[in-house]
Amino acid sequence: MNTLTKLNQWLQAGLITPDQYAAISAFETENQPRSNGWLYSFMILGAVIIGLGVISLIAANWANITDSTKLGIDFSLLFVLAVGVFWQYPNRRHGVWFEVLLVGFMLLCLASIGLISQIFHLGGQWYHALLFWAAITFLLSLFARSLFTRFFWVTLLLQGLVWSLVDFTIPDIWQHWKALPAVLLLAPLLSATLYYATFPVKTLRGFSTSLYFWFQITAMIALAAIDIARSGGEMTEYQIAWFVPAYIAAGLLALGILSHRHYRWLNKLLLLSALGLLLLYFHPDWLFSGQSRYSLFGSQAHATVGFWQADDIRAPLLTLAILFLYALHSGNSGRQHTFNLVTFVIGLRFVILYFQAMGGLAATGVGLIVSGSLIIGMTWLWYKSRERLRAWTTGLQA
């Protein structure tokens with residue numbers, strides 16, 4: 001629904017006067033962006049294709065080009081793009097060329113790091129290069145007007161920062177794939193920490209949307225991965241040292257939550273509780289043994305244990321608890337889309353938990369009938385009650 005349609009509805013409902021309607025319409029018309037999203041996308045696509053063509057031509061004759069020529073061409077292109085960015089700077093608010101040239105310059109900076117490293121045989125890992133690139137292009141990213149440019153910078157920054165921090169505690173990480181959970185835990189915690197760090201500084205608030213997006217994506221991936229691993233009895237050979245960067249990020253995140261001025265005490269309590277449960281989930285051996293399994297009729301591979309002692313039951317229950325706390329926070333904060341998404345994931349996890357608990361019975365015809373009926377009933381009940389739950393969380397008072 002566009003602005004004009006909304007204004008017409010408000011005018012017909014008596015919410016605004018005809019004079020207000022005319023003033024708002026004039027303001028929106030005057031300040032309407034001149035560039036379209038599709039135009040910007042195709043311009044970026046064209047710039048990328050041209051860049052790939054130049055790279056292909058150079059790669060085809062790479063061995064015949066001297067190092068000085070490579071560096072000369074590289075720095076000449078950087079200079080030309082820098083002049084173009086400076087030339088288009090006055091039109092940055094309404095023009096598309098400024099963003100196209102800025103993205104091209106930032107990409108060429110990254111390519112230049114790789115070229116210099118190749119020519120002078122410099123050491124270091126790819127994530128070190130990304131971190132260095134993010135540092136030297138930080139000031140440029142502040143001038144970006146498009147969400148795409150800031151999203152691009154934030155994405156590469158997080159990649160470089162996460163892997164670089166984990167590399168401090170896990171040398172030769174590529175030889176230790178069991179340390180991957182340390183990366184999965186650090187990614188959402190670091191994204192959330194940087195998200196809260198943008199609020200006090202007005203200049204950095206343009207990165208908030210991108211950081212919040214990556215927090216939600218990486219948090220869901222981390223939660224799904226640890227749920228699957230704990231339910232399957234895997235990941236029992238952890239080392240506490242691997243999680244040191246994540247623990248530091250968790251401490252900083254807790255400070256960010258506590259110092260957030262717009263959160264009521266309930267929001268802070270919900271988020272801190274979810275954070276504590278997530279850290280408990282990833283801890284090597286406090287809660288999970290990796291041995292116990294539960295089935296309604298027992299299991300041949302593992303000794304039968306009680307419902308609450310089984311890893312494959314405690315794991316989804318812990319997942320549901322974390323999701324429920326975050327859903328309450330989202331509803332209480334007015335984030336309706338996040339609330340709906342998290343409640344859907346909760347309902348889906350409930351269904352999967354049922355199959356895990358029923359074990360062999362779910363494979364029989366009667367079990368399938370009961371399972372299908374339960375799925376329909378739970379889905380309908382959750383759908384009918386989710387709005388009341390959201391209204392309840394929104395109405396909670398500090």
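Along the sequence shown, residues carry numbers from 1.
- Taken together through direct or relayed side-chain contacts under 4.5 Å among Ile, Leu, Val, Met, Phe, Trp and Tyr, Trp87 and Phe79 form parts of separate hydrophobic clusters.
- No chain of hydrophobic side-chain contacts below 4.5 Å, direct or via other Ile, Leu, Val, Met, Phe, Trp or Tyr residues, connects Ile248 to Leu190.
- Outside the 6.0 Å centre-distance limit, the rings of His262 and Phe199 are not counted as a close aromatic pair.
- Just one of Leu271, Leu270, Leu223 meets the side-chain contact (heavy atoms from CB on, under 4.5 Å) condition when paired with Tyr326; it is Leu271.
- The aromatic ring centroids of Phe98 and Phe143 lie 6.0 Å or more from each other.
- In this structure, the side chain of Arg150 does not engage the main chain of Ser210 through any donor-acceptor pair within 3.5 Å.
- Atom CG of Leu328 is separated from atom CG of Leu323 by 11.0 Å, given to the nearest 0.5 angstrom.
- With Thr137 contributing its side chain and Leu140 its backbone, the two residues share no donor-acceptor pair below 3.5 Å.
- A donor-acceptor contact shorter than 3.5 Å is absent between the side chain of Trp133 and the backbone of His128.
- Side-chain contact of Thr319 with Tyr281: a donor-acceptor pair under 3.5 Å is present, judged by distance alone.
- Side chain to side chain, Thr66 and Thr69 meet the donor-acceptor criterion of an N or O pair below 3.5 Å.
- Side-chain atoms of Gln20 come within 3.5 Å of backbone N or O of Thr17 as a donor-acceptor pair.
- When Thr149, Thr155, Leu156 are each tested for a side-chain contact (heavy atoms from CB on, under 4.5 Å) with Phe152, only one passes: Leu156.
- There is a path of hydrophobic side-chain contacts, each under 4.5 Å, that joins Ile136 to Ile116.
- Residues Leu115 and Phe75 have side chains not in contact (no heavy-atom distance under 4.5 Å, counting atoms from C-beta outward).
- Between Trp153 and Phe207, the ring planes lie tilted relative to each other; the angle falls in the 30° to 60° range.
- The cluster map of Ile, Leu, Val, Met, Phe, Trp and Tyr, joined by side-chain heavy atoms under 4.5 Å apart, puts Leu110 and Leu102 in the same cluster.
- Leu211 is not connected to Leu255 by any chain of hydrophobic side-chain contacts under 4.5 Å among Ile, Leu, Val, Met, Phe, Trp and Tyr, and they are in different clusters.
- Residues Gln159 and Trp163 form a side-chain contact, since some pair of their non-hydrogen atoms from C-beta on lies under 4.5 Å apart.
- Residues passing the side-chain contact (heavy atoms from CB on, under 4.5 Å) test with Leu272 are Ala254, Ile257, Leu258, sequence neighbours excluded.
- For Tyr195 and Phe215, the distance between ring centers is not under 6.0 angstrom.
- Aromatic rings from Phe86 and Trp97 are positioned such that their centres are separated by 6.0 Å or more.
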